[in-house]
Amino acid sequence: MRYNKLFNSLKERNQLAYIPFLLLGDPTEELSLKLIDTLVKNGADALELGFAFSDPVADGPVIQAASLRPLTNGFYVDAGFKLISQVRAKYPDLPIGILTYANLVFAPGIEQFYDKAARSGVDSVLIADCPVEERDLFSAAARNCSIDTVYIAPPDAGPSSLELIANYSQGYTYVLSRKGITGTENSQQETGTDLIEQLKQLQAPPLVQGFGISKPEHVLQAAEAGVDGIITGSAIVNLINEHYNTPDKMLDLVADYAKTMSDAAHNARHQLKMVHTIEKGSNYVDSGNNQTAAAGNGTAS
Amino acid sequence: MNQKVNAPTQFEFDGAYIGQFGGQFVPQLLMPALQQLNKAFEASLVDNDFQTELKRLLKEYAGRPTPVTECTSYARINQSRIFLKREDLLHGGAHKTNQVLAQALLAKKMGKHRIIAETGAGQHGVATALACALLGLKATIYMGKKDCDRQAPNVFRMQLMGAEVIPVDNGSASLKDAINESLRDWASSYETTHYLLGTVAGPAPFPKMVRTFQKIIGEEAKQQMKELIGQLPDAVIACVGGGSNAIGIFADFIKDEQVRLIGVEPAGKGLDTNAHGATLLKGHEGILHGARTYVMQDKEGQVQESHSVSAGLDYPAVGPEHVHLMTSGRAEYVSVTDEEALEAFQELSKSEGIIPALESSHALAYAKKLAAESTEPLNILVNLSGRGDKDLAHVMSILNSSN
Ligand SMILES: Cc1ncc(COP(=O)(O)O)c(C=O)c1O
């Protein structure tokens with residue numbers, strides 16, 4: 001429901017969603033809450049919150065390193081749900097997604113996990129190591145607790161997988177920018193408009209792109225490709241890794257960063273429109289049509 | 001045929017699962033790679049050229065069949081007889097070479113020119129390095145930093161054969177973490193790279209595929225036992241890390257219900273301590289490295305570090321088929337401590353002139369216990385999964401420091 005509302009209202013404003021990712025309890029419980037406040041204050045439209053796991057196979061060095069802090073502090077899943085309850089109380093309309101690994105859902109009992117998620121106010125769960133083909137293990141429990149299940153659409157998915165992903169993903173569809181694991185080193189976006197077109201044709205829920213997005217220009221590329229939102233993960237976690245010993249500075253940097261990226265997401269389509277108008281304008285000039293001289297001047301510099 | 005055998009399909013894989021265990025719990029991103037591999041694997045089973053080439057390599061390059069040797073004095077208690085399936089004599093020094101040659105051929109069929117692999121004891125890494133050298137493939141081996149130190153000779157062996165060895169220093173710096181790193185590499189490299197997983201763990205099709213390419217151990221041994229004693233053994237014993245040498249020797253005996261199948265897990269410093277790797281005996285159902293299986297973990301699902309004196313058994317999960325064999329009651333699982341394994345290591349060396357791998361020493365130690373506890377003479381078949389050369393420096397330093 002909350003995702004629906006969000007994407008509808010963003011659509012009206014012709015904006016992309018900005019969804020930052022954080023590890024729960026990182027660097028401490030208290031600072032984790034402050035970081036979340038900072039993100040919301042600076043334009044986050046929804047949150048993707050991760051539970052630290054001992055064996056995060058989908059994560060690169062940045063999130064691996066960060067995971068050690070909550071794990072060392074004994075900040076596990078139950079503590080994470082408690083923290084989410086507090087966030088939910090503060091922000092009743094904010095969509096909150098969980099990003100986690102299968103064993104953390106399985107170990108406490110699958111029903112119990114989803115029940116706790118629902119009680120703490122979670123909207124969606126994405127299990128990084130559960131492809132849509134293995135959905136049966138978790139889907140009944142999720143459905144019973146009215147939790148959305150989000151699936152990932154990767155670059156090389158075959159047509160039958162894509163169809164399943166489009167059919168079963170709820171809330172939104174997580175579109176991978178590229179192959180590989182989380183991290184900002186490789187920001188080359190491989191996901192063509194092809195995958196995005198296919199997902200749209202299959203009427204997948206709103207497309208949110210993640211992996212390797214760390215700069216405003218990546219947001220523009222994503223908007224150009226036609227997605228409805230973007231996720232940044234490692235970029236913020238990296239700021240935490242570098243500055244968790246100086247919390248005020250860390251919060252300032254995260255605030256600046258979130259502001260930059262949310263502005264980029266919220267303005268991307270307008271910016272693209274301008275670029276396109278200008279390009280069109282220059283075409284007109286080329287073809288001898290001087291109606292759009294102003295735009296033509298713009299591109300001549 | 002034995003009448004008591006349950007439904008004949010009970011011990012076969014059904015798709016990605018055996019019983020309720022197994023599956024493909026990997027990032028969606030890796031599914032195309034697994035689907036491609038599964039297709040290539042299933043096709044290879046009916047591909048005569050592939051099977052002929054594999055057979056030829058196993059015979060002419062790797063030295064199959066390996067013999068079965070009866071011990072002259074080791075564990076000759078109560079007139080029991082101990083037979084060793086000599087995988088230590090296979091080229092590379094362990095059973096690992098069997099299935100590595102097969103997967104390397106598959107990789108070539110799939111047009112992949114680079115191989116990644118994890119290794120614990122270094123035996124799987126050595127097998128991968130030799131196969132890649134032979135077949136002209138590029139090898140990258142991930143190995144826990146801790147294991148690089150305690151299995152140093154194998155690191156050099158791999159490098160000599162042209163493989164790149166990358167020490168993994170995160171997590172527990174052992175086998176589990178080497179698998180994590182391999183999966184991470186594969187997530188961006190799968191188009192050109194095959195992940196040559198070394199045991200019957202991991203996502204489908206690995207558990208079934210590795211079993212298929214290792215079951216030659218039991219097929220040969222069964223025939224050899226018939227020739228040697230005119231009957232099947234009373235018990236078949238193997239150590240269990242991920243579980244490939246055990247499945248390899250068990251597979252062909254599963255339908256022979258009168259044969260006890262016994263897997264030996266590492267009890268490390270004792271099952272009542274935290275320092276062991278007895279996943280089946282002390283772990284709980286969970287999901288790790290792509291499979292629904294047993295995992296050593298805490299209540300909230302964080303994976304615990306395992307411990308064993310032998311790097312190859314130092315793994316906090318286990319292949320899903322072993323969970324099925326245990327929960328269905330077809331196989332038994334027991335454990336042996338570091339100390340008992342070290343004793344067997346020395347005893348077999350002295351009594352038979354065979355230096356066993358520390359991993360295999362666990363199976364040997366239990367064979368002796370079984371013989372001692374039995375009221376009747378038993379014919380016991382032990383999978384001597386590898387030779388102990390790689391362990392010499394490690395064992396020497398342990399023995400020196402305890403004197
Ligand atoms: C000689 C030997 N035996 C056993 C093992 C354990 O592996 P598995 O349980 O897959 O046979 C290893 C692993 O490195 C090994 O080198």
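Lettering follows sequence order; numbering is per chain, from 1.
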[X] [atom1] to [Y] [atom2] distance, which is reported to the nearest 0.5 Å:
X: A/Lys179; Y: B/Leu30; atom1: NZ; atom2: CG; result: 11.0 Å
X: A/Asp156; Y: B/Met31; atom1: CG; atom2: CE; result: 13.5 Å
X: B/Asp298; Y: A/Ser54; atom1: CG; atom2: OG; result: 8.0 Å
X: B/Asp177; Y: A/Asp55; atom1: CG; atom2: CG; result: 6.5 Å
X: B/Glu300; Y: A/Phe75; atom1: CD; atom2: CZ; result: 10.0 Å

Tell me, for [X] versus chain B, whether the close heavy atoms (under 4.5 Å) come from the side chain, the backbone, both or neither.
X: A/Val105; result: neither
X: A/Ala65; result: neither
X: A/Ile127; result: neither
X: A/Asp78; result: both
X: A/Pro61; result: neither
X: A/Phe106; result: side chain

Are more than 12 heavy atoms, taken from residues, nucleotides or ligands other than [X], located less than 6.0 Å from that residue's [atom1] atom?
X: A/Tyr168; atom1: OH; value: no
X: A/Lys82; atom1: NZ; value: no
X: A/Glu30; atom1: CD; value: no
X: A/Asp136; atom1: CG; value: yes

Between [options], the one whose heavy-atom pairs under 4.5 Å with chain B are most numerous:
options: A/Val132, A/Val57, A/Ile165; answer: A/Val57
options: A/Ala128, A/Gly158, A/Ala157; answer: A/Ala128
options: A/Leu68, A/Val77, A/Leu71; answer: A/Val77

Side-chain atoms of residues 281-295 of chain B: list all donor-acceptor pairs with protein atoms under 3.5 Å, sequence neighbours left out, distances to 0.1 Å.
| from | atom 1 | to | atom 2 | distance (Å) |
| --- | --- | --- | --- | --- |
| B/Glu285 | OE2 | B/Gln20 | NE2 | 3.4 |
| B/Glu285 | OE2 | B/Arg292 | NE | 2.7 |
| B/Glu285 | OE2 | B/Arg292 | NH2 | 2.9 |
| B/His289 | ND1 | B/Tyr315 | OH | 2.9 |
| B/His289 | NE2 | B/Lys176 | O | 3.4 |
| B/His289 | NE2 | B/Asn180 | OD1 | 2.7 |
| B/Thr293 | OG1 | B/Val318 | O | 2.6 |

Heavy-atom contact with chain A under 4.5 Å, split by part of B/Pro27: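 Interface part for B/Pro27: both.
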
Is the side chain of [X] donor-acceptor paired with the backbone N or O of [Y] at a distance under 3.5 Å, no angle test?
X: B/Arg184; Y: A/Gly60; value: no
X: B/Gln302; Y: A/Leu104; value: no
X: B/Gln28; Y: A/Pro154; value: no

Show the nearest heavy-atom pair for residues [X] and [Y], with the distance to one decimal.
X: A/Ala107; Y: B/Gln297; value: CB-OE1, 3.6 Å
X: B/Gln24; Y: A/Glu134; value: N-OE2, 2.6 Å
X: B/Phe25; Y: A/Pro131; value: CA-CD, 4.2 Å

Residues of residues 188-210 of chain B near chain A, each having a heavy atom less than 4.5 Å away: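 Within residues 188-210 of chain B, the residues that come under 4.5 Å of chain A (heavy atoms only) are B/Ser188, B/Tyr190, B/Glu191.
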
Pairwise ring pair (Phe, Tyr, Trp, His ring centres under 6.0 Å) hits with a residue in residues 121-144 of chain A, at least two apart: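 Not a single pair qualifies under ring pair (Phe, Tyr, Trp, His ring centres under 6.0 Å).
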
A/Leu176/B/Leu29 under side chain to side chain contact (heavy atoms under 4.5 Å, CB included): CA gap, chis, key distance, verdict: CA-CA 9 Å; A/Leu176 281 199; B/Leu29 175 70; 4.0 Å; yes

N/O donor to acceptor pairs below 3.5 angstrom from side-chain atoms of residues 198-205 of chain A, sequence neighbours left out:
| from | atom 1 | to | atom 2 | distance (Å) |
| --- | --- | --- | --- | --- |
| A/Lys200 | NZ | A/Gly226 | O | 2.7 |

